[in-house]
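Worksheet for the structure shown next.
Since this is a predicted model, take the numbers as computed values, not measurements. By convention in this document, chain letters (A, B, ...) are assigned in the order of the sequence lines, proteins followed by strands, and residues within each chain are numbered from 1.
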Amino acid sequence: MKDSFSVKNHYEFRRAYNKGLRKGGRYMVVNVLRSSRENSRLGLSVSRKFGNSVQRNRFKRLVRESFRKIRGDLKGNFDIFVTARFSERAAANPQRKLRAVYVPSSSEVHRDLVRILRTLGVLAYENANDDPEPGSRAET
RNA sequence: CAAGCAGACUCGACGGUCGCGGGCGGUAACGAAAGGACCCGUCUGAGGAAAGUCCGGGCUCCGCAGGGCAAGGGUGCCGGGUAACACCCGGUGAAGGUGACUUCCAGGAAAGUGCAACAGAAAACAACCGCCCGUUCUACGGGUAAGGAUGAAAAGGCGAGGUAAGAGCUCACCGGCAUUGCGGUAACGUAAUGGCCGUGUAAACCCCACCCGGAGCAACACCGUUAUGGGCCGCAUGGCUUGCCCGGCCGGCCUGAGGUGGCUCGAUUUCGGCAGUGAUGUUGAAACUAGAUAGAUGACCGUCUUAAACGACAGAACCCGGCUUACAGGCCUGCUUGGACC
RNA sequence: GGCCCCUUGGUCAAGCGGUUAAGACACGGCCCUUUCACGGCUGCGACACGAGUUCGAUUCUCGUAGGGGUCA
């Protein structure tokens, strides 16, 4: 993620949590704040409780990919903060670590993010069928 | 063919579209220039465990550049390998398996101390019952470790001789120990002789031999910012090594935008030759193979593989050598046992 | 990323290798009281997990898991 598209400073996260619009989805909670910059930015937060480093990294990559697709469709410039949501599925085997967290697929993450942003009214289009995601929807 | 043993390799492949980190080159804005992008081109981009942080080293700083003592920790059959190790290799011994082979923190209990609950007469200077002998005979004294009972463990095992009853008291075999000879670098093996004496525990203290200064890349260095600031403690404490002694120095401690270097050419990787049973050593040729800093590998499509589904464990953070732990499959080599056929 | 520490009932916690695993609070029952509280009696309930050493492990050793602290 290029620097101008990502939010890193702690105080900016704090400001978004206090003042931004908030909406929770199935896999994430999103805070949105209108930005005066020349482009929109993305801030990511994934707790260690979400899973091991492979699972955390994968979630962040999927969110970045989804953000990249819809970046041009926003009604202006926003700072979008995504916090991963996790549910500790009761592990079938109690000896196992508490890592039995479901990591959603790419299309699930994308659908979730689009729905939340549409509800918050920051996407330029209103209809879900206008979803610009490429070929992945092709049913075979 | 079946069951198994040991070792090695791999971690989907190929193509396409979009996207990301790093190197190199170029260019736009901006700059007098040097330069310089999030733009363009090109090359390149996670593991066998990257993990746990359990050992060993490199590297950096402190100490050694004041001296000493004591602790503390580690290793533990023998020989070899290595930068080093607690690792590896080859042996020895013990245990398990028909076997291939596997497993073992494997020194000392005759230097000393401690502990061994309950049960039992007794847990290491053995006499409760029993057996034998004697006497003043329902008792006492003496002898005795064959038998009983307890226990995790009971005073080498078993048989014969022997005896009042017994006992390694004597003898054969087995086991242990010591001495000597022989083989072996050694651990040890083996033969002869000797006497029979002492349970277990050292992952109890300990003894013996050998090894170890402390801290860690958030180290450390530089630039910038600042602080000649703010707060706390205080006259004998605090810091400089875990403790102590002597000596020395300094009042002490806390509080903080950032950036750059360290940062990847190294006990490196690949393919061979030679030496060695092997670990490994040596030598020749070739190669350069992540370097991020909230942290780069992802998404989608097609074909192949598959009964079907991309599908286990899992993400470098200064770097190496090991160990340990997690793990779905695939594939190759050698060997063992059993069966069938020729 | 490095370096340390801890794990015993619901909570806080003692514990020489041999205990019925001490105790306190909490919880249940009974007594006391007109009732509640206090107090008394009584009960329930635990050694994180897996191996090893040992006759015997909460304790000693090794590994695993979980939790916590600290360093720019």
What is the distance from CD of E65(A) to C1' of rU17(B), rounded to the nearest Å? 12 Å
Quick one: is rG19(B) close enough that its OP1 or OP2 comes under 4.0 Å of any side-chain N or O from R71(A)? no
Do R56(A) and S53(A) have side-chain heavy atoms sitting under 4.5 Å apart? yes
Partner of rG141(B) by Watson-Crick or G-U wobble geometry, both contacts under 3.5 Å, or none? rC133(B)
Rounding to an integer number of angstrom, what distance separates rC60(C) and rG23(C) when you compare their P atoms? 23 Å
What interatomic distance, in whole Å, is found between P of rG12(B) and the corresponding atom of rC105(B)? 37 Å
S53(A) vs L44(A), nearer the 5' end of RNA chain B by closest nucleotide: L44(A)
Answer yes or no: is there a side-chain heavy-atom contact under 4.5 Å between L33(A) and F78(A)? no
Pairing partner of rC304(B), by Watson-Crick or G-U wobble and under 3.5 Å for both distances, is rG12(B)
Same-atom distance (C1') from rG25(B) to rA296(B), integer angstrom: 22 Å
In whole angstroms, the gap separating P of rA296(B) from CZ of R58(A) amounts to 14 Å
Polar side-chain contact R61(A)-rG315(B) base: donor and acceptor under 3.5 Å: yes
Say we look at rU150(B) and rC173(B): how far apart would their C1' atoms be, to the nearest angstrom? 33 Å
Applying the 3.5 Å cut-off to both distances, the Watson-Crick or G-U partner of rA215(B) turns out to be rU60(B)
Does a nitrogen or oxygen in the side chain of R56(A) sit under 4.0 Å from OP1 or OP2 of rA294(B)? no
Euclidean distance for P, rU59(C) against rG2(C) (whole angstrom): 29 Å
Between M28(A) and L120(A), is there shared hydrophobic-cluster membership here, with clusters defined by ILVMFWY side-chain heavy atoms closer than 4.5 Å? yes
Considering every strand shown, what is the Watson-Crick or G-U wobble mate of rA292(B) when both distances are under 3.5 Å? none
Counting side-chain heavy atoms from CB outward, which of rA299(B), rG19(B), rG295(B) is closest to K69(A)? rA299(B)
With P as the reference atom in both, quote the distance from rG162(B) to rG166(B) in angstrom, rounded to an integer. 13 Å
With a 3.5 Å limit on both atom pairs, tell me what rG276(B) is paired to, counting Watson-Crick and G-U wobble, or say none. none
Using 4.0 Å as the upper bound for N to carboxylate O, is an ion pair formed by E65(A) and R68(A)? yes
Do the side chains of V32(A) and D79(A) get nearer than 4.5 Å, heavy atoms only? no
Atom CZ of F67(A) to atom P of rC20(B): distance rounded to whole Å? 13 Å
Anti or syn - rA46(B), cut at 90° from 0: syn
Rounded to whole Å, the CG-P distance (L62(A) to rU297(B)) equals 11 Å
Syn or anti for rG195(B) (syn when the glycosidic angle lies within 90° of 0): anti
For a side-chain contact (heavy atoms from CB on, under 4.5 Å) check, start with the C-alpha distance between I70(A) and V114(A), then their side-chain angles and the critical distance, and finish with the verdict. CA-CA 8 Å; I70(A) 62 172; V114(A) 166; 4.1 Å; yes
Could you let me know what rG183(B) is paired to, Watson-Crick or G-U wobble, both distances under 3.5 Å, or none if it's on its own? rC188(B)
With C1' as the reference atom in both, quote the distance from rG96(B) to rC115(B) in angstrom, rounded to an integer. 34 Å
Options rA299(B), rG295(B), rG315(B), nucleotide nearest the side-chain atoms of R64(A): rG295(B)
Using a cut-off of less than 4.0 Å, is there contact between a side-chain N or O of S106(A) and OP1 or OP2 of rA299(B)? no
Mate of rG238(B) across any strand shown (Watson-Crick or G-U wobble, both atom pairs under 3.5 Å) is rC250(B)
Side chain to side chain, L42(A) and R64(A), heavy atoms closer than 4.5 Å: yes
Does rC271(B) have a Watson-Crick or wobble partner in any strand here, with both distances under 3.5 angstrom, and which is it? rG284(B)
What is the distance from CG of N57(A) to P of rA50(B), rounded to the nearest Å? 19 Å
Between rG63(B) and rG214(B), how far apart are the P atoms? Round to whole Å, please. 16 Å
Give me syn or anti for rG281(B), where syn covers glycosidic angles within 90 degrees of 0. anti
Syn/anti state of rC125(B) by chi, 90° boundary around 0: syn
Checking understanding here: a glycosidic angle within 90° of 0 is syn, the rest anti, so what is rU113(B)? anti
Roughly, in whole Å, what's the span from CG in L42(A) to P in rC20(B)? 14 Å
Any side-chain heavy atom of V30(A) sitting closer than 4.5 Å to one from L21(A)? no
